[in-house]
Amino acid sequence: MEPSKTPQTPGTEPGGTAGQRQTHGFQAEVRELLKLMIHSLYSHREIFLRELISNASDACDRLRFAAIANSALLAEDPELGIRVDAVAGTVTVTDNGIGMTREEAIANLGTIARSGTAEFFRGLSGDERKASQLIGQFGVGFYSAFIVADRVVVQSRKAGEAAASGVRWESAADGEFTVESVTLPARGTAVTLHLKTDAREFADPLRLRALIRRYSDHIGFPVRMRKEGEASLEYEVVNQAKALWTLPRTEIPDEEYRQFYQYVAHDFTDPLAWSHNKVEGKREYISLLYVPGRAPFDLWQREGARGLRLYVRRVFIMDDAEQFLPLYLRFIKGVVDSSDLPLNVSRELLQQDPEVEAIRGGLTKRVLELLTRLTKEEPEKYATFWKEFGAVLKEGIAQDHANQPAILPLLRFASTSREDDVPAVSLADYVARMQPGQERIYYVIAESVAAARASPAIERLKERGIEVLLLADRIDEWVMGHIENYEGKRFKDATRGDLELGGLTSAADRRQHDEELKESKGLLKRIKDALGERVSEVRISDRLKESPAVLVRGEHDLSEPMRRILAAAGQKVPESRPQLEVNVGHPLVKYLEGRAETGEFRELAQLLYDQAALAEGAPLANAADYVQRLNRLLVRLAAPPGAAS
């Protein structure tokens with residue numbers, strides 16, 4: 001096979017007529033990135049080749065797509081491909097793809113346009129391995145050339161433009177780059193790396209061949225190198241140059257699946273799992289979906305790039321096609337190749353196409369089935385998945401009601417049945433351990449699992465051996481508000497309303513409650529009068545065992561953590577008055593009862609309320625007053641009998 005035409009002779013300085021030479025300064029973020037490349041990344045230096053070949057492949061993909069509307073763009077050289085050459089201490093990666101204009105070279109090679117740049121650099125935090133994993137994910141793979149090169153020269157000519165419209169870009173990573181116009185004989189881009197002295201190993205053709213086969217074997221375009229032998233001028237294809245997803249599953253070893261994931265996701269780690277499927281019949285498409293082994297740094301940036309690589313009949317259409325998976329599965333990587341969509345499909349058309357909606361439903365079901373299989377066959381991998389992506393998957397409970405029955409079994413919780421704070425309990429586990437007569441799935445939401453475990457509201461439940469799920473993610477209250485039941489068992493927030501113990505309450509329990517209520521009516525009324533509008537009601541508690549009091553919200557009231565989130569966001573927080581439940585057998589409440597006829601009763605009742613608010617995690621209305629009340633109480637308790645109060 002004859003080699004594709006290229007914009008320049010590999011390994012040589014650009015020729016042609018120069019003009020309009022200008023010097024530009026790099027964007028501040030690029031300068032910081034280059035410093036990282038030059039001084040930090042050593043253990044994975046070979047990523048430069050993967051990233052440059054990936055960029056060349058994207059350039060060929062984009063030209064093939066542009067040629068759908070304008071076939072003349074491909075006329076001069078219809079066979080798209082990539083070439084890698086090593087000559088005299090340089091490595092050149094050449095493609096005959098879409099190319100760049102002078103303006104595009106300045107914009108694409110001098111700035112980072114993607115949002116979240118600051119978060120990207122905060123995510124690096126000096127961790128070399130983490131940094132190497134983030135390079136391609138952030139779309140700045142070109143700059144990885146400076147890991148091994150002390151000078152980089154880029155020549156490019158835009159497809160469809162005249163030979164004189166070529167551009168030459170050069171930088172030594174010194175904070176500046178130069179750009180000048182040159183005449184180039186053919187379209188495409190050539191990136192020439194002048195290797196550092198300690199990176200000359202990458203000028204070895206055998207080393208380059210091995211890296212191409214490792215990282216770029218399944219790029220959909222041929223990657224060529226000169227045949228072995230110094231005198232050879234012929235080129236041969238080094239990679240398979242076949243789209244992996246189009247091959248039968250039985251012909252693809254696991255190692256090739258992993259390598260393709262690393263290419264698609266720009267990730268050095270292996271995926272946790274993947275699903276490769278071909279759908280035929282009413283609609284035809286192929287999907288290859290991956291579950292990553294670690295969360296990307298921008299997982300919580302909802303406006304960030306996400307989605308699958310979209311192909312139509314093997315023709316690349318776009319990166320990050322987010323329409324094919326719901327937002328709560330935004331961590332999934334992979335490709336989808338449709339035989340039914342038009343080649344001129346756009347992001348706007350994807351949002352309106354019923355075919356896309358049908359594929360989206362099928363892919364969502366496929367991912368949930370894959371995760372379900374992990375829970376059963378590889379629970380250790382699923383535990384890793386939940387640690388990285390569990391909080392995101394939870395969003396599906398609220399966003400995707402139709403698939404809620406499939407998502408619920410995938411949820412994992414910390415629980416009072418375990419001493420650690422690891423979310424490892426499934427709803428099936430919980431239901432299997434429910435007490436005879438138990439009709440509710442109890443849970444509590446707090447700022448942390450430790451705070452949830454220590455909540456006064458679940459003291460009596462723990463004493464009775466009733467398991468309570470412990471939730472601490474910021475989205476948990478929103479999520480739990482969208483769950484009605486699991487296998488016929490309703491969910492019950494242990495901090496709201498009545499506990500609804502149902503069959504768990506014996507006749508003796510009811511008699512004891514009635515007796516305590518009869519004996520304490522006067523005390524409850526005095527406490528309510530002392531607290532006034534701070535509470536809606538004061539009542540005897542079925543929740544408490546060791547604590548004197550607890551605040552209980554209404555079934556539809558916002559929790560204290562949610563109220564703080566709204567307040568921090570500047571939103572108006574709805575008014576609500578909690579109920580105060582008291583443990584009439586607690587010594588502090590007994591002491592309060594004994595002071596009912598004294599002037600300090602009101603102060604003690606307020607102290608009881610403030611303690612309950614603190615246990616709930618609520619801020620005190622007046623912390624100084626609380627401290628003074630507590631100090632006065634301690635002084636009185638410490639005073640010898642008969643001393644003046």
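Being a predicted model, the structure only gives us computed values, none of them experimental.
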Walk me through whether Ser57 and Ile82 qualify under side-chain contact (heavy atoms from CB on, under 4.5 Å). CA-CA 7 Å; Ser57 174; Ile82 302 163; 4.2 Å; yes
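- A salt bridge does not link Arg474 with Asp476: none of the charged nitrogens is closer than 4.0 Å to a carboxylate oxygen.
- Proximity of Arg207 to Phe202: side-chain heavy atoms (C-beta onward) are separated by under 4.5 Å at one or more points.
- Contact check for Val93 versus Leu193: no side-chain heavy atoms found under the 4.5 Å cut-off.
- For Ala391, the side chain to side chain contact (heavy atoms under 4.5 Å, CB included) partners are Trp300, Asp473, not counting sequence neighbours.
- Counting only distance, with no hydrogens or angles, the side chain of Ser156 and the backbone of Gly188 share a donor-acceptor pair below 3.5 Å.
- Between Phe146 and Phe142, the ring-plane angle classifies as perpendicular under the 30° and 60° cut-offs.
- Contact between Glu51 and Ser144 at its shortest, heavy atoms only, is CB-OG, 3.5 Å.
- Checked by atom type and distance alone, the side chain of Tyr486 never pairs as donor or acceptor with a backbone atom of Pro409 at under 3.5 Å.
- The shortest side-chain heavy-atom distance between Pro292 and Phe385 does not fall under the 4.5 Å cut-off.
- Counting only distance, with no hydrogens or angles, the side chain of Glu236 and the backbone of Lys227 share no donor-acceptor pair below 3.5 Å.
- No donor-acceptor pair closer than 3.5 Å links the side chain of Asp429 to the backbone N or O of Val425.
- Remark: Asp95 CG to Cys60 SG distance equals 5.0 Å, nearest 0.5 Å.
- With contacts defined as side-chain heavy-atom distances shorter than 4.5 Å, the pair Lys333/Val291 does not qualify.
- Counting heavy atoms from C-beta on, the side chains of Arg306 and Asp320 never come closer than 4.5 Å.
- Scanning all heavy atoms of the two residues, the minimum distance from Arg213 to Val238 falls at NE-O, 3.7 Å.
- Here the CD atom belonging to Gln404 is positioned 12.0 Å from the CD atom belonging to Gln399, to the nearest 0.5 angstrom.
- Pairs engaging residues 278-287 under the side chain to side chain donor-acceptor pair (under 3.5 Å) rule: Arg283-Glu355 [sequence neighbours left out].
- Taking CD of Glu322 as the start and CZ of Arg360 as the end, the distance is 9.5 Å to the nearest 0.5 Å.
- Taking the six-membered ring for Trp, Phe26 and Phe177 have ring centres closer than 6.0 Å.
- In this structure, Tyr328 has no ring-ring contact (aromatic ring centres under 6.0 Å, His included) partners at least two apart in sequence or on a different chain.
- In this structure Tyr311 satisfies the side chain to side chain donor-acceptor pair (under 3.5 Å) test together with Arg309, sequence neighbours excluded.
- Every residue two or more places apart in sequence or in another chain that forms a side chain to side chain donor-acceptor pair (under 3.5 Å) with Glu378 is listed here: Lys381.
- Scanning for side chain to side chain donor-acceptor pair (under 3.5 Å) contacts around Asp340 gives an empty result, with sequence neighbours left out.
- Scored by the salt bridge (charged side-chain N to carboxylate O under 4.0 Å, His left out) test, Glu161 finds no partners at all (sequence neighbours excluded).
- Salt-bridge check for Glu76 with Arg157: passed, with a basic side-chain N closer than 4.0 Å to an acidic carboxylate O.
- Residues Tyr261 and Asp270 have side chains that never bring a donor and an acceptor to within less than 3.5 angstrom of each other.
- Residues Leu310 and Leu350 are in side-chain contact: their nearest non-hydrogen atoms beyond the backbone lie under 4.5 Å apart.
- His482 and Trp478 have perpendicular rings, their planes meeting at more than 60° on a 0 to 90° scale where under 30° would count as parallel.
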Under the side-chain contact (heavy atoms from CB on, under 4.5 Å) criterion, do Phe491 and Glu484 qualify, and how do the steps go? CA-CA 7 Å; Phe491 288 83; Glu484 295 181 2; over 6 Å; no
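- Judged by distance alone, the side chains of Thr92 and Thr192 do bring a donor and an acceptor atom under 3.5 Å apart.
- Rounded to the nearest 0.5 Å, atoms CG (Leu73) and CD1 (Ile98) are 6.0 Å apart.
- Formation of a donor-acceptor pair under 3.5 Å by the Asn96 side chain with backbone atoms of Leu74 is not found in this model.
- Contact of the Leu410 side chain with the Leu393 side chain is registered, since non-hydrogen atoms from C-beta on lie closer than 4.5 Å.
- Looking at Thr372, its side chain does come within 3.5 Å of a backbone N or O of Leu368 through a donor-acceptor pair.
- More than 12 heavy-atom neighbours from other residues, nucleotides or ligands sit within 6.0 angstrom of CD on Glu255.
- Of all heavy-atom pairs spanning Thr364 and Pro326, the tightest one is OG1-CD, 3.1 Å.
- Ring orientation note: the planes of Trp245 and Phe260 are tilted relative to one another, at an angle of 30° to 60°.
- Pairing each heavy atom of Ser181 with each of Arg102, the nearest pair is OG-NH1, 2.8 Å.
- Between Arg373 and Trp274 the shortest heavy-atom distance is NH2-O, 3.8 Å.
- If you take CD1 on Ile332 and CG on Leu371, they are separated by 6.0 Å, rounding to the nearest 0.5 Å.
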Walk me through whether Asp58 and Asn55 qualify under side-chain hydrogen bond (donor to acceptor under 3.5 Å, both in side chains). CA-CA 5 Å; Asp58 288 345; Asn55 289 348; over 6 Å; no
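- Between Tyr430 and Leu469 the shortest side-chain heavy-atom distance falls below 4.5 Å.
- Taking a cutoff of 4.0 Å between a charged side-chain nitrogen and a carboxylate oxygen, Arg62 and Glu104 do not qualify as a salt bridge.
- Residue Arg294 comes nearest to Phe389 through the heavy atom pair O-CZ, 3.4 Å, listed as atom of the first residue, atom of the second, then distance.
- Arg187 contributes a side-chain N or O that, together with a main-chain N or O of Asp77, makes up a donor-acceptor pair within less than 3.5 Å.
- In this structure, CZ in Arg258 is found 10.0 Å from OH in Tyr290, a value given to the nearest 0.5 Å.
- Among residues two or more places apart in sequence or in another chain, the side chain to side chain contact (heavy atoms under 4.5 Å, CB included) test is passed with Leu247 by Lys242, Leu244, Ile252.
- Taking Thr384 as the reference, Leu272 meet the side chain to side chain contact (heavy atoms under 4.5 Å, CB included) condition, with sequence neighbours excluded.
- Residues forming a ring-ring contact (aromatic ring centres under 6.0 Å, His included) with Phe324 (at least two apart in sequence, or on another chain): none.
- Qualifying side chain to side chain contact (heavy atoms under 4.5 Å, CB included) partners for Glu103, counting only residues two or more places apart in sequence or in other chains: Thr101.
- The closest donor-acceptor contact from the side chain of Arg330 to the backbone of Leu327 lies under 3.5 Å.
- Scanning for side chain to side chain donor-acceptor pair (under 3.5 Å) contacts around His24 gives Gln22, with sequence neighbours left out.
- With hydrogens and angles ignored, the 3.5 Å screen pairs no side-chain donor or acceptor of His401 with any backbone N or O of Ile397.
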